[in-house]
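Lettering follows sequence order; numbering is per chain, from 1.
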Amino acid sequence: MRQSKSFIPTLKEVPNDATVPSHVLMLRAGMVRTLGAGIYSFLPLGYKLVKKVSEIIREEMDAIGGQEFHLPALNPREIWEETNRVEAFGDILFHIKNKNRDYVLAPTHEEIMTYHARRVVKSYKDFPQIWYQIQTKFRNEPRPRSGVLRGRQFLMKDSYSLDSSWENLDTAYDLHYQAYHKIFKRCGLKFFVVGASSGAMGGTGSEEFMVQSDAGEDTVAHCESCGYSANVEVAASVVIPLVRDAESKAVYEIETPNVKSIDELCAFLNISETQCAKSRVYICNNEAVLVLMLGNDEVNETKLEKTLGAPFRPAHMEELKDITGADAGSIGPVGFPKKVIADLRLKDANNMFSGANKNDYHIGGIDFSRDIPSVEYHDLRTAKSGEGCPKCGSTMGVFTAIELGHIFKLGTKYSASMGATFTDEKGAENPIIMGSYGIGVERVIACYIEQHHDERGIVWEKEMAPFHVHLIGLNMKKEVVSQAAEKIYSELTAAGIQVLFDDRTDATVGFKFNDADLLGMPLQVIVGEKKLAEQKVEVKVRKSGDRSEVTVEQLLSTVKDLLK
RNA sequence: CGGGGCGUAGCGCAGCCCGGUUAGCGCGCCUGCCUUGGGAGCAGGAGGCCGCAGGUUCGAAUCCUGCCGCCCCGACCA
């Protein structure tokens, strides 16, 4: 493609409203433009990527027997009432009212697929089915952000499996699991899989395909060596256990004026934080509960809720004094009138420091087994980066990540509420057993760029690159150069290589080089007057920056080699 | 929805506190010359409802009020 005739409006400067690298680069490389908050137009170069990713997805979906649908985005509201999801989605759902009819813009398509299934899929002989679509979904996100990573309208591949038994659902789920691995691998993404924490959607299983990114919205723990992954809300970790001192001192009170935090206490008494038990008071079922954590460990509220088995809230400042006799900063387990639970790390600890339940006092010499015998121990802490993997013990990372895809065993939630049933071998009527499987197409592109860029721009690998070669004619006003470049262009193109040809006559050298690095095609072929005098052109590998000179005759084979 | 920031030419910004001729700068754009191995040079030119509305004032980009839009943090996220 000739750049002189292409609409690839690159930007030299960083647009004011973009912060994450993929957003900045997609704007700068002329891939997308903003139309409103969370609403993006894909320009030709960006759309080329969309098509590329879609095609990879399509191939892998077809390979597992998927059949592609094209479904309406405009949906009659009633269908969404059947599963009560108008209410469930709430403000997320876009509504349209037109001449007494209510419509919604589809945020996903479970209902529509189920609607079609219930009309025709009637016998156990009709299964299995995998139905999919690659289409725009609409969700009125409360806070769109990070460019295309969280938009209010976005492209999603959604597939739905229809089966007559739970075993067959497992098969469909597994097929998707494998297909997703292939898709993301082909897209050159470094990803990992996380068992989703819990879903309000019912069903028996769900996994998320994630990519590590600072722009991510989920925090996960992941172990590179064994593949253990978990949302930090449920992640366990191995930490160095406390060693119980041989002798327990007696409990003693210490005056600690204005000492509130663990850090202040450590500084004041010149002790380490692993000698301290931090206190947090929660209210659960109208009863106070004291939660003890070692040092500065954070209470993991998801784990706490599981432990308590009921919703809870942190105690208000004013309540603390009534319950404990002290304000926050001086609370501790000894003499605490209600239930006390502690993190596993504190099990049987002794000679510990904690609040005295008396303002400006702490106590030392606490022996958990002697002084608070009724305490229950649970895993209550939030895993931190650098701690041990609970599976293999290697060092584990805790970081933010982006959800690229999600596979989900829905079960009969939608088929049951919408009456999508089939007749089994024995003549009995059963709800269809379903799964749903999504991939955010733009997210794949954005994540790719998050993982494949440097300070100069995007760095495409061959598989994802919109073009294989960026052919740069340096001074296209010189006939030697333009003739040679034109010839190379036809030659490479004829050989089936996708070439972006910078044939612009008005752009200067630096301009072209910078554009090429920004756009990031894997190879740059540079045609200039000087090298041409020796019948040579230059080939630059974008990723490494390596340049080599080759004769015009050698060019095609060199390019082919480098693209292997 | 809470907290913070921003809205001035296509893009990036200054001016605003402390009101006062014609609102600036860099990049980009147009014309001409010139130039081509890392975002050139010279000369000339076009381009603005200073986000919108109201108010204060002799006078508002500048002060006040309301609204809208955008970004960031948080809450939320089948």
#### Entry: Sub-4.0 Å heavy-atom contacts from residues 25-41 of chain A onto RNA chain B, ordered by number
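Output list: A/Arg28, A/Gly36, A/Ala37.
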Salt bridge or not for [X] and [Y], using N-O below 4.0 Å?
X: A/Lys5; Y: A/Asp503; result: no
X: A/Asp163; Y: A/Lys409; result: no
X: A/Arg504; Y: A/Asp502; result: yes

Nucleotide opposite [N] in a Watson-Crick or G-U pair, distances under 3.5 Å:
N: B/A40; value: none
N: B/G74; value: B/C1
N: B/G48; value: none
N: B/G69; value: B/C6
N: B/C58; value: B/G20
N: B/A14; value: none

[N] [atom2] sits how many Å from [X] [atom1], rounded?
X: A/Glu549; N: B/G37; atom1: CD; atom2: P; result: 15 Å
X: A/Ile92; N: B/C76; atom1: CD1; atom2: C1'; result: 7 Å
X: A/Lys477; N: B/C33; atom1: NZ; atom2: P; result: 10 Å
X: A/Leu518; N: B/G38; atom1: CG; atom2: P; result: 18 Å
X: A/Asp506; N: B/G32; atom1: CG; atom2: C1'; result: 16 Å
X: A/Arg456; N: B/G38; atom1: CZ; atom2: C1'; result: 7 Å
X: A/Ile402; N: B/C77; atom1: CD1; atom2: C1'; result: 15 Å
X: A/Glu141; N: B/C72; atom1: CD; atom2: P; result: 13 Å

### Task
Classify the ring geometry between A/Tyr437 and A/His176 as parallel (under 30°), tilted (30 to 60°) or perpendicular (over 60°).
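Aromatic pair A/Tyr437/A/His176 classed parallel.
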Can you figure out which of [options] approaches the side chain of [X] most closely?
X: A/Glu217; options: B/U36, B/C77, B/G39; value: B/C77
X: A/Arg150; options: B/G39, B/C77, B/C72; value: B/C77
X: A/Phe513; options: B/C77, B/G37, B/U36; value: B/G37

In whole angstrom, give me the gap between the [atom1] atoms of [N] and [M].
N: B/A9; M: B/G48; atom1: C1'; value: 6 Å
N: B/C73; M: B/U31; atom1: P; value: 43 Å
N: B/C64; M: B/C17; atom1: C1'; value: 15 Å
N: B/A14; M: B/A23; atom1: C1'; value: 11 Å
N: B/C6; M: B/G44; atom1: C1'; value: 36 Å
N: B/C29; M: B/G12; atom1: C1'; value: 16 Å
N: B/A40; M: B/A53; atom1: C1'; value: 47 Å
N: B/U57; M: B/G20; atom1: C1'; value: 12 Å

Counting any heavy atom closer than 4.0 Å, what does [X] reach on the DNA or RNA strands: base, sugar-phosphate only, or nothing?
X: A/Thr505; result: base
X: A/Asp515; result: base
X: A/Lys540; result: base
X: A/Lys531; result: base

### Query
Do A/Ser159 and A/Lys157 get their side chains close enough for a donor-acceptor pair, meaning under 3.5 Å?
yes
### Task
Using the salt bridge (charged side-chain N to carboxylate O under 4.0 Å, His left out) rule, collect all pairs that involve residues 25-48 of chain A, keeping only residues at least two apart or in two chains.
none
### Message
With hydrogens left out and only the distance checked, is there a donor-acceptor pair under 3.5 Å joining A/Lys512's side chain and the base of B/U36?
### Response
no
#### Entry: Check: A/Asp517 side chain, B/G38 base, donor-acceptor under 3.5 Å
yes
### Message
Test: side chain to side chain donor-acceptor pair (under 3.5 Å). Region: residues 439-451 of chain A. Which pairs qualify, not counting sequence neighbours?
### Response
A/Ser22-A/Glu450
#### Entry: side chain to side chain donor-acceptor pair (under 3.5 Å) partners of residues 468-480 of chain A, not counting sequence neighbours, each pair once
A/Gln3-A/His470, A/Glu479-A/Gln483
#### Entry: All salt bridge (charged side-chain N to carboxylate O under 4.0 Å, His left out) counterparts of A/Glu217, not counting sequence neighbours
A/Arg145, A/Arg150
### Message
Assess the residue pair A/Val220 and A/Phe399 against the criterion (side-chain contact (heavy atoms from CB on, under 4.5 Å)); give the C-alpha distance rounded to whole Å, side-chain angles, the decisive distance to 0.1 Å, and a yes or no.
### Response
CA-CA 6 Å; A/Val220 294; A/Phe399 45 75; 3.7 Å; yes
### Message
Any side-chain to backbone donor/acceptor pair from A/Tyr103 onto A/Phe94? Under 3.5 Å, distance only.
### Response
no
### Message
Using heavy-atom distances to pick each residue's nearest nucleotide on RNA chain B, tell me which of A/Lys12 and A/Thr19 is more 5'.
### Response
A/Lys12
### Comparing A/Glu403 and A/Val20 on RNA chain B - which has the more 5′ nearest nucleotide
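Nearest-nucleotide comparison on RNA chain B picks A/Val20.
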### Task
For B/G39, take OP1 and OP2 only and decide whether either is under 4.0 Å from a side-chain N or O of A/Thr508.
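Negative; the distance criterion is not met.
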### Query
In B/S/- notation, 5' to 3', how is nucleotides 1-13 of chain B contacted by protein heavy atoms closer than 4.0 Å?
----------BSS
### Message
For A/His222 and A/Val194: C-alpha separation, side-chain torsions, deciding distance, then whether side-chain contact (heavy atoms from CB on, under 4.5 Å) applies.
### Response
CA-CA 8 Å; A/His222 176 61; A/Val194 178; over 6 Å; no
